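Notes for the one structure printed next.
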Amino acid sequence: MIVEEEVAREPAAGPSNRLRGVGRWLRRCLARWRAILLALALVAATGFAAGYFYSVYRSDLQTDDAAVHQVIKAASDGAVALLSYSPDTLTRDFDNAKSRVTDSYLPYYQRFAEKIVGISAQRGLVTTTATVIKAAVAEMHPNSAVVLAFLKLKTMSKDKPDPVVTTSSLRVALTRVNGAWLIDNLEAVGGGKP
């Protein structure tokens, strides 16, 4: 019977021991709640900062090499279209150029084309041909870009039938409109619009 009494005195390894262990663990956690809360706050802040950096400041991750090539091609083709004209094809040249600019830049280009280019092309029989020598992306964002373009301009007129060749550097600002890159601003590097 002594064996039975010893068995009866030993605590059962059942649910009450587990509850006591869980209770001790909870008391230890509650005693360290500030340290645990601080660690969770640091992890959350680091995660937020990393996500914000990659979504807002790393816009280059949202663009790829294909988009860069599209932007350079649109800037080059657009600059050539805006700066090349001939008195024989003036209307077609202007229509081609207008299709490559945004609605916000169109009024400026129309005034420039009608008051400066159109008059000089018709009166002086001026023909200008632009060629892009080199172009590179200066800024690239998912819906806007800036391209620096170096051009060679060949100009002939009835007074000067031999071509006069000049070079020019342009800053071409582009905006994506309905999936197409259009010129939003065109200015000579060093100031002023062409």
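Both backbone and side-chain heavy atoms feed into the values below; hydrogens, waters and symmetry mates do not. All figures in this text were calculated on a predicted structure; none of them were measured in a lab.
For the atom pair OG of Ser86 and CE of Met156, the computed distance is 8.0 Å after rounding to the nearest 0.5 Å. Distance check, rounded to the nearest 0.5 Å: OG1 of Thr155 to CG of Asp162 gives 13.0 Å. Note that NZ of Lys158 is 10.5 Å distant from CZ of Arg123, once rounded to the nearest 0.5 Å. Interatomic distance, CG of Asp65 versus CD of Gln70, reported as 11.5 Å (0.5 Å rounding). Remark: Asp88 CG to Gln122 CD distance equals 10.5 Å, nearest 0.5 Å.
When side chains are defined from C-beta on, Val126 does not count as touching Pro87, because their heavy atoms never get closer than 4.5 Å. Using a 4.5 Å heavy-atom threshold, the side chains of Lys154 and Thr131 count as separate. In this structure, the side chains of Thr128 and Leu83 stay at 4.5 Å or more apart for every pair of heavy atoms. Residues Leu148 and Arg171 are in side-chain contact: their nearest non-hydrogen atoms beyond the backbone lie under 4.5 Å apart.
Ala145 approaches Met140 most closely through the heavy-atom pair CB-SD, 3.9 Å. Pairing each heavy atom of Trp181 with each of Arg176, the nearest pair is CZ2-NH2, 3.3 Å. Of all heavy-atom pairs spanning Ser84 and Ala130, the tightest one is OG-N, 2.8 Å. Scanning all heavy atoms of the two residues, the minimum distance from Thr175 to Thr102 falls at CB-CG2, 4.2 Å. Of all heavy-atom pairs between Leu170 and Ser168, the closest is CD2-OG, 3.9 Å. Annotation for Ser76 and Ala135: closest pair OG-CB, 3.7 Å, computed over non-hydrogen atoms.
Using a 4.5 Å cut-off between side-chain heavy atoms of Ile, Leu, Val, Met, Phe, Trp and Tyr, with links allowed through other members, Ile72 and Phe150 fall into different hydrophobic clusters. A chain of hydrophobic side-chain contacts below 4.5 Å, direct or via other Ile, Leu, Val, Met, Phe, Trp or Tyr residues, connects Leu90 to Tyr109. Val172 and Val146 fall into different hydrophobic clusters, where Ile, Leu, Val, Met, Phe, Trp and Tyr side chains are chained together by heavy-atom contacts under 4.5 Å. Residue Tyr85 is not grouped with residue Leu125 when hydrophobic side chains (ILVMFWY) are merged at heavy-atom distances under 4.5 angstrom, including chains of intermediate members. In the hydrophobic clustering of ILVMFWY residues, with side-chain heavy atoms under 4.5 Å counting as a link, Ile183 and Ile116 come out together.
When each of Leu182, Val147, Asp184 is checked for a side chain to side chain contact (heavy atoms under 4.5 Å, CB included) with Leu174, only Val147 meets the rule.
The aromatic rings of Tyr108 and Phe112 lie parallel to each other, their planes meeting at an angle below 30°, with 60° marking the opposite boundary.
Asp159 places no side-chain N or O within donor-acceptor distance of the main-chain N or O of Gly124, the cut-off being under 3.5 Å. A donor-acceptor pair is defined here as one N or O able to donate and one able to accept, closer than 3.5 Å; such a pair exists between the side chain of Ser99 and the backbone of Asn96.
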Take Tyr105 and Leu186, measure what side chain to side chain contact (heavy atoms under 4.5 Å, CB included) needs, and give me the verdict at the end. CA-CA 9 Å; Tyr105 189 66; Leu186 184 73; 3.5 Å; yes

